S.K.: 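Starting off with a structure, shown below.
From a predicted model like this one, the values you see are computed outputs, not experimental measurements.
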2 protein chains.
Amino acid sequence: MIKIGILGYGNLGRGVEAAVKKNADMELVAVYTRRDPASLTINTPGVPVKSTSELDTGKEPIDVLVICGGSATDLPKMTPKYAAMYNVIDSFDTHANIPAHFDNVDKAAKEAGKVGVISCGWDPGMFSLNRVYASSVLPHGKDYTFWGKGVSQGHSDAVRRIEGVLDCRQYTVPVAAAIERVKNGENPELTTREKHTRECFVVAEEGADLARIENEIKTMPNYFADYDTTVHFISAEEMKANHSGLPHGGAVLYSGTTSDGTNHVIEYRLTLDSNPEFTGSVLIAYARAAARLNSEGVCGAKTVLDIAPAYLSAQDGAYLRAHLL
Amino acid sequence: MIKIGILGYGNLGRGVEAAVKKNADMELVAVYTRRDPASLTINTPGVPVKSTSELDTGKEPIDVLVICGGSATDLPKMTPKYAAMYNVIDSFDTHANIPAHFDNVDKAAKEAGKVGVISCGWDPGMFSLNRVYASSVLPHGKDYTFWGKGVSQGHSDAVRRIEGVLDCRQYTVPVAAAIERVKNGENPELTTREKHTRECFVVAEEGADLARIENEIKTMPNYFADYDTTVHFISAEEMKANHSGLPHGGAVLYSGTTSDGTNHVIEYRLTLDSNPEFTGSVLIAYARAAARLNSEGVCGAKTVLDIAPAYLSAQDGAYLRAHLL
């Protein structure tokens with residue numbers, strides 16, 4: 001059994017917990033929290049909730065620690081810290097800072113003789129795999145990543161910070177016409193606005209100035225100004241009834257040529273009922289790989305690009321060759 | 001530069017040749033043939049055509065030999081033979097015999113200190129990768145592979161052997177309704193007949209009994225009897241004008257759950273203008289991996305499941321992390 005610890009019990013931590021239950025060779029040993037452990041009840045009966053101070057001893061009986069923190073401030077500190085004690089895995093997704101994060105985790109993990117898998121999930125993660133496979137097979141080509149339709153938690157949070165907004169769910173929606181152009185082999189140059197639209201469902205305070213809220217959303221730099229955005233004001237009841245899930249997904253499309261006039265399109269598409277449960281499932285598959293690699297003497301930082309697919313499977317190589325190759 | 005030799009110059013050999021031209025770190029050193037080398041003109045000026053007897057010396061100046069033979073009789077002999085002398089790669093696709101082929105190549109390659117990549121292409125190959133990634137991430141699920149629309153050379157050849165048939169092109173066509181059921185998360189049990197139909201374009205001899213030919217096709221065991229098959233009789237001119245390409249493709253669909261009522265669908269789809277050129281491109285990406293692995297001291301048989309994605313790319317790890325992760 002591979003012994004898993006989860007650090008952080010938000011949406012992603014619960015997604016990892018659900019994934020552990022679906023893998024017969026995995027065992028959840030503990031959930032670690034910065035909160036008072038007594039205040040937290042988890043979904044797996046019999047598994048202890050512990051303080052991160054116990055983790056800090058470096059002596060917890062876990063094979064892999066799945067770090068479910070935020071990319072902005074948690075993971076840059078937590079992942080190198082715990083890579084010095086345990087095999088670790090995270091879903092660090094601030095693309096611009098991945099090289100520095102990789103180096104920090106690599107140094108800590110190598111000194112400790114541990115494996116640290118970073119930036120794991122679906123993007124970065126499964127989508128990255130598909131960008132690399134496609135561009136390696138067809139070096140004369142171009143990749144396109146479309147996200148959605150799905151809930152962007154970062155954009156939802158940004159709207160919630162506007163005065164007069166009680167709640168918001170923001171959906172990122174890919175533009176179907178843009179996808180069709182790529183699939184037709186047109187190799188279009190697409191602007192940000194041409195690739196995605198944004199749709200906001202907003203619960204406003206009673207008497208709030210809806211026109212002002214709508215304008216503040218649509219003109220918000222970085223988040224909305226470069227997109228065509230639709231704003232719907234709804235009731236708290238409707239929010240709860242129709243927008244309580246966290247579906248997501250998207251597609252990596254790659255169009256490339258092998259000779260004059262000979263084009264190929266590769267499409268990888270995810271349609272996910274629950275973003276955190278799927279992300280948690282990817283983390284758990286790579287947690288298995290981390291444990292195995294470390295048991296073979298491998299150490300240092302790794303990404304999905306550095307790990308052979310067979311390491312993810314609970315089945316051995318002979319089974320995979322006979323049944324899935 | 002990675003020095004590539006191609007053994008066999010049929011459709012696939014020419015596809016590999018086209019792929020080498022698209023990769024700046026690759027160089028075609030020679031094409032090897034069992035025919036009289038003087039009888040063969042290749043598409044790359046200045047590159048010699050040599051007899052396989054020269055290859056048999058074990059002294060040819062190549063980093064990887066791409067073996068473009070048939071799975072029925074060529075590859076089971078050729079790949080182990082040449083794995084004892086060179087790094088090799090093949091597209092062996094007789095699924096039932098992959099374990100034995102792997103063992104034979106593994107023994108020869110290990111004794112020689114070489115790498116032998118077997119069963120590379122898109123199925124087995126890219127499709128296998130997607131079956132393994134998907135089932136590892138979502139162990140509670142089911143995979144579905146659909147082929148086409150595309151030309152099956154094996155089925156086309158089978159029809160050509162019928163008396164009175166001058167030429168045939170057989171298209172394998174996936175059933176759209178079956179794909180929709182999978183994408184809807186229904187997890188259907190699908191029979192062979194429900195997944196694909198077959199469409200034959202046949203040029204018959206003048207005066208041939210068309211009804212007999214059609215009946216012989218539709219009732220042919222293994223190839224057609226289990227499918228709904230449509231037969232069109234066309235002229236040789238129409239065959240040449242409309243059916244001279246070798247397009248293919250298909251999709252691996254995977255539907256899996258992470259908790260009660262929470263389902264996810266993963267779709268990997270290829271739409272290929274040229275089956276041999278795409279297959280050749282996959283072989284060349286894995287030839288790069290074979291050369292690199294061997295330069296690191298790795299030897300033995302490998303499949304796409306055993307090779308980390310970063311080995312396929314001409315870019316280094318730091319570039320991939322900064323730009324594609």
S.K.: Using heavy-atom distances under 4.5 Å, tell me whether Y286(A) contacts chain B through its side chain, its backbone, both, or neither.
M.R.: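 Just the side chain, heavy atoms under 4.5 Å.
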S.K.: If you count heavy-atom pairs under 4.5 Å with chain B, which of A308(A), S128(A), P309(A), A96(A) comes out on top?
M.R.: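 Top option by heavy-atom pairs under 4.5 Å: P309(A).
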S.K.: Under 6.0 Å from the ring centre and within 45 degrees of the ring axis: does the NZ or CZ of R14(B) meet both conditions for the six-membered ring of Y9(B)?
M.R.: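 Output yes; distance and angle both within limits.
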S.K.: Does any heavy atom of chain B fall under 4.5 Å from the side chain of S259(A), the backbone, both, or neither of them?
M.R.: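 Both parts, heavy atoms under 4.5 Å.
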S.K.: Could you tell me which portion of F102(B) (side chain, backbone, both or neither) has an atom closer than 4.5 angstrom to a non-hydrogen atom of chain A?
M.R.: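 F102(B) touches chain A through side-chain heavy atoms alone.
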S.K.: Show your working on side chain to side chain contact (heavy atoms under 4.5 Å, CB included) between D273(A) and L246(A) and close with a plain yes or no.
M.R.: CA-CA 7 Å; D273(A) 277 358; L246(A) 292 170; over 6 Å; no
S.K.: Should the pair F127(A) and Y268(A) be assigned to parallel (<30°), tilted (30 to 60°) or perpendicular (>60°) ring geometry?
M.R.: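 Correct class here is perpendicular.
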S.K.: Please classify the contact of L270(A) with chain B as side chain, backbone, both or neither, using a heavy-atom distance under 4.5 Å.
M.R.: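 When you check distances to chain B, atoms from both the backbone and side chain of L270(A) fall under 4.5 Å.
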S.K.: When you measure from the side chain of T79(A) to the backbone of L75(A), do you find a donor-acceptor pair of N or O atoms at a distance under 3.5 Å?
M.R.: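 Indeed, once roles are kept as given, a pair shorter than 3.5 Å links the two residues.
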S.K.: Which region of A18(A), side chain (C-beta onward) or backbone (N, CA, C, O), has a non-hydrogen atom less than 4.5 Å from a non-hydrogen atom of chain B, or is it both or neither?
M.R.: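 It is both, since atoms from each part get that close.
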S.K.: Given the ring of Y254(B), does R131(B) sit roughly above its face, with NZ or CZ under 6.0 Å from the centre of the six-membered ring and within 45° of the axis?
M.R.: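 R131(B) over Y254(B) ring: no.
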S.K.: Against chain A, label I266(B) side chain, backbone, both or neither, depending on which of its atoms sit under 4.5 Å from a heavy atom there.
M.R.: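 Contact with chain A involves both backbone and side-chain atoms of I266(B).
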S.K.: Between V304(B) and chain A, with a heavy-atom cut-off of 4.5 Å, which part of the residue counts as in contact: side chain, backbone, both or neither?
M.R.: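 Its backbone and side chain both get close to chain A.
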S.K.: Where does A322(A) contact chain B at under 4.5 Å (heavy atoms): side chain, backbone, both or neither?
M.R.: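 Both parts, heavy atoms under 4.5 Å.
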S.K.: With I4(B) as reference, evaluate I89(B), V31(B), V64(B) under the side chain to side chain contact (heavy atoms under 4.5 Å, CB included) test and give the passing residue.
M.R.: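 Looking at I89(B), V31(B), V64(B), the match for I4(B) under the side chain to side chain contact (heavy atoms under 4.5 Å, CB included) is V64(B).
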S.K.: Under 4.5 Å heavy-atom distance to chain A, tell me which part of T303(B) shows up: side chain, backbone, both or neither.
M.R.: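 Side chain of T303(B) only, per the 4.5 Å heavy-atom cut-off to chain A.
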S.K.: Give, as side chain, backbone, both or neither, the part of S135(B) having an atom under 4.5 angstrom from any heavy atom of chain A.
M.R.: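 When you check distances to chain A, only side chain atoms of S135(B) fall under 4.5 Å.
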S.K.: Has the side chain of R288(B) got a donor or acceptor atom that lies under 3.5 Å from a matching backbone atom of L312(B)?
M.R.: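 Present.
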S.K.: Quick one: of A285(A), S119(A), S281(A), who has the most non-hydrogen atom pairs under 4.5 Å with chain B?
M.R.: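 Option with the greatest count: S281(A).
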S.K.: Chain B: which of I98(A), L283(A), T271(A) shares the most heavy-atom pairs with it under 4.5 Å?
M.R.: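 Of the options given, most contacts go to T271(A).
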S.K.: Would you kindly say whether E296(B) and Y311(B) are connected by a side-chain donor-acceptor distance under 3.5 Å?
M.R.: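 Indeed, the side chains of E296(B) and Y311(B) share at least one donor-acceptor pair under 3.5 Å.
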S.K.: With side chain to side chain contact (heavy atoms under 4.5 Å, CB included) as the criterion, how do L138(B) and T257(B) come out once you've worked through the C-alpha distance, each side chain's angles and the decisive distance to 0.1 Å?
M.R.: CA-CA 7 Å; L138(B) 300 175; T257(B) 58; over 6 Å; no
S.K.: To the closest 0.5 Å, what do you measure between OG1 (T258(B)) and CD (E277(A))?
M.R.: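 One gets 3.5 Å once the value is rounded to the nearest 0.5 Å.
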S.K.: Could you look at D93(A) and say if it's the side chain, the backbone, both or neither that has a heavy atom under 4.5 Å from chain B?
M.R.: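 For D93(A), there is no contact with chain B at all, as no heavy atom is under 4.5 Å.
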S.K.: Sort out for me which of D103(B), N97(B), V132(B) touches chain A most, counting heavy-atom pairs under 4.5 Å.
M.R.: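 Heavy-atom pairs under 4.5 Å are most numerous for V132(B).
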S.K.: Measuring heavy-atom distances to chain A, does L325(B) have an atom under 4.5 Å in its side chain, in its backbone, in both, or in neither?
M.R.: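 Both backbone and side chain of L325(B) come within 4.5 Å of chain A.
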S.K.: Heavy-atom distances under 4.5 Å only: say whether L272(A) touches chain B with side chain, backbone, both or neither.
M.R.: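 L272(A) touches chain B through backbone and side-chain heavy atoms alike.
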S.K.: Any idea which heavy atoms bring A108(B) and P80(B) closest together, and the distance?
M.R.: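 Smallest heavy-atom distance, with atoms named: CB-O, 3.3 Å.
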